[in-house]
Q: 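Here you go, one structure.
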There are 2 protein chains.
Amino acid sequence: MKSQVKRMPNVRGEGERLRQEILDAATRILEETGREDALSLRGVAREVGISAPSVYRHFKDKGDLVSTVLDAAYRTLAVAMSKAGESAAAAGADPWARVRATVTAYRRFAIDKPRRYQLMFSLEYEPERRPSADHPIGTVLQAWTDTADAYLTEAAPGRRAEAQDLGIHLWTALHGQLVLWRTLPSPVAGSEDVLIELEESLLRRLLPTPETPSPTE
Amino acid sequence: MKSQVKRMPNVRGEGERLRQEILDAATRILEETGREDALSLRGVAREVGISAPSVYRHFKDKGDLVSTVLDAAYRTLAVAMSKAGESAAAAGADPWARVRATVTAYRRFAIDKPRRYQLMFSLEYEPERRPSADHPIGTVLQAWTDTADAYLTEAAPGRRAEAQDLGIHLWTALHGQLVLWRTLPSPVAGSEDVLIELEESLLRRLLPTPETPSPTE
DNA sequence: TTGTTAGACTAACAGCGTTAATCGATGAAT
DNA sequence: ATTCATCGATTAACGCTGTTAGTCTAACAA
């Protein structure tokens, strides 16, 4: 029996490296296709250069692999939002501009890799298995309520109690725009300009206006 | 040499009926699971009592079967919205109440069969194959712009030009609420009351207020 | 030196979508 | 009355899938 171009087992303790390679391959495939059933363990294994059952050494099953990929994506999104808001604040932007920076970061995340975004929010409906408080999607919610709170603190300190409500409003409405925007028939929507316009007009309606209104009216 | 006159499709009776049976079974499975890959042609065939390849006599492939089911769902939704709006109008409801009736119909549709709703709007992202103008999802958009137009006509006739914009705003924002509402971690959201409250506060912000404001403020 | 185990493998099962080839019955054309 | 096309369905098969069971190999511990 001739030696094939087989991958030799990693030295002890380096098993984590293969895990990461599997994760990277799976991430790439999911970002390209946006469909969970387009990801096959055999395909991942083929790409990494191992055999399919070897994946089970690192992930419980296919669903576990997908979940791990998505968990990272939620955290990436939350970090991108926080960073955008903070660096806008550091640059001395006014509250409105800071919200805009965060929203833009969110939109970029969704539009740059639309299939990833689609996958992130096409969670199965499981009435009894609602995501627990520590589900990584909670980090995204936290980023939104933080954004809303930062805005209200500066623009309307008397209404800080509404921060969580406002955060949810912003998130859900923008999410709906992003999801339906490319589903709408061509003539009525489709260009990113249309989307940004929608987004702007939405923010104007949802954000309590500070005493010194922004020039966009 | 034969006459090329196409023979009328031999209505041997069974043909169309089987097609409908297949459609019914597929609809049921999709509404129960909400996942396209949970529908198997073999499963449908098993349920109907035929063999799997027989499905191909009536549907081009699995995707065609799913599309057919979803097309019907879009139309059902659009009809439900129209009916709700019209019967509210017939009952002499004010413009605001008519919008509320339509929105409630939409929410019911989404909540009664959440998996069906999820499936309807988890369309694959195909940048080049944007739904054409005659895609049945357009009937839903039409229902929303109709609703917006009817409202503006009575409540703010001077702004009828915004009808389509307003319709899109309503749709996207409500859709986002419905989708994320059950995804949010348990303590912050989950009950239908919370959803309705969100919905109401959204409508208040999005709908131009008529001269005689509704009593909900 | 022996035993244990991490890290990979091959083989196999059951299920999937889909295609090809076929069969029986019906109804029309000769 | 006989032939022929076609509708509605069949079985067989290909190549893919997720997953499990069992096995091999190399590295480490005793």
Side-chain angles (χ1 to χ4, degrees), chain A residues 1-26 28-30 32-70 119 124, chain B residues 1-26 28-30 32-70 119 124:
Chain A
M1 197 70 164
K2 279 287 155 185
S3 77
Q4 307 222 21
V5 203
K6 272 187 240 170
R7 176 201 187 90
M8 296 313 287
N10 276 320
V11 291
R12 293 227 161 175
E14 291 291 307
E16 281 301 308
R17 203 174 57 199
L18 177 55
R19 186 190 144 97
Q20 193 55 50
E21 282 182 52
I22 294 171
L23 221 41
D24 289 346
R28 215 180 39 67
I29 293 174
L30 286 176
E32 277 172 8
T33 64
R35 282 161 46 237
E36 183 168 342
D37 62 308
L39 177 83
S40 84
L41 294 187
R42 290 176 134 102
V44 170
R46 228 174 282 131
E47 201 153 301
V48 176
I50 58 175
S51 80
S54 296
V55 175
Y56 287 81
R57 180 79 36 182
H58 301 282
F59 299 94
K60 183 179 157 293
D61 55 17
K62 184 181 173 178
D64 183 29
L65 175 56
V66 174
S67 295
T68 307
V69 171
L70 291 188
L119 194 61
E124 301 175 32
Chain B
M1 161 106 86
K2 304 287 152 97
S3 71
Q4 283 295 84
V5 183
K6 281 190 181 172
R7 288 281 126 233
M8 330 232 286
N10 259 338
V11 274
R12 309 240 256 260
E14 298 297 305
E16 283 300 307
R17 200 175 62 195
L18 177 55
R19 186 191 141 97
Q20 193 56 49
E21 281 181 52
I22 293 171
L23 221 41
D24 289 347
R28 213 180 40 69
I29 293 173
L30 287 176
E32 276 172 9
T33 64
R35 283 162 47 237
E36 184 167 342
D37 61 308
L39 176 82
S40 83
L41 294 188
R42 289 176 133 105
V44 170
R46 225 174 285 130
E47 202 152 299
V48 176
I50 58 175
S51 78
S54 297
V55 175
Y56 288 82
R57 182 79 37 183
H58 301 281
F59 299 94
K60 184 178 156 294
D61 55 18
K62 184 181 171 177
D64 183 28
L65 175 56
V66 174
S67 295
T68 306
V69 171
L70 291 188
L119 194 61
E124 300 176 34

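The sequence lines fix the lettering, A, B, ..., with proteins before strands; numbering per chain opens at 1.
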Q: For the residue pair A:Thr68 and A:His58, establish whether any side-chain heavy-atom pair is separated by less than 4.5 Å.
A: no
Q: Hey, which sits more toward the 5' end of DNA chain C by its nearest nucleotide, B:Leu41 or A:Ser54?
A: A:Ser54
Q: Please report, rounded to the nearest Å, how far the P atom of D:dA26 is from the CG atom of A:Leu18.
A: 18 Å
Q: Take atom CG of B:Asp61 and atom P of C:dT18, then tell me their distance rounded to the nearest Å.
A: 5 Å
Q: Kindly give the heavy-atom pair with the smallest separation between B:Val48 and B:Glu21, and that separation in Å.
A: CG1-OE1, 3.7 Å
Q: With the side chain counted from C-beta on, respond yes when A:Leu39 and A:Thr33 share a heavy-atom pair under 4.5 Å apart, and no when they do not.
A: no
Q: Heavy atoms only, 4.0 Å cut-off, all strands: where does B:Leu39 land among base, sugar-phosphate and nothing?
A: sugar-phosphate
Q: Figure out the CD1/P separation between A:Ile29 and D:dT17, and round it to whole Å.
A: 10 Å
Q: Give the rounded distance in Å between these two atoms: CD1 of A:Ile22 and C1' of C:dG7.
A: 11 Å
Q: From C-beta outward on B:Ser40, which listed nucleotide comes closest to its side chain: C:dC16, C:dA8, D:dT19?
A: C:dC16
Q: Once you round it to whole Å, what is the distance between P of C:dG17 and CZ of A:Arg35?
A: 13 Å
Q: Taking all non-hydrogen atoms of both residues into account, name the closest pair between B:Ser54 and B:Ile50 and its distance.
A: CB-CD1, 3.8 Å
Q: Mark yes or no for a side-chain to base donor-acceptor pair under 3.5 Å between B:Arg42 and C:dG15, with no hydrogen or angle criteria applied.
A: no
Q: For C:dG7, take OP1 and OP2 only and decide whether either is under 4.0 Å from a side-chain N or O of A:His58.
A: no
Q: Do B:Val66 and B:Val69 come close enough that some side-chain heavy atom pair is under 4.5 Å?
A: no
Q: Would you kindly compare A:Gly63 and A:Arg57 by the position of their nearest DNA chain D nucleotide and give the one closer to the 5′ end?
A: A:Gly63
Q: In whole angstrom, what separates B:Lys62's NZ from C:dG15's P?
A: 16 Å
Q: Picking from D:dT10, C:dA11, C:dT18, which would you name as closest to the side chain of B:Ser51?
A: D:dT10
Q: Can you find a side chain N or O atom of A:Tyr56 that sits less than 4.0 Å from OP1 or OP2 on D:dT20?
A: no
Q: Quick one: B:Asp37 CG to D:dG18 P, roughly how many Å, whole number?
A: 11 Å
Q: Between C:dC16 atom P and B:Glu36 atom CD, what is the distance in whole Å?
A: 15 Å
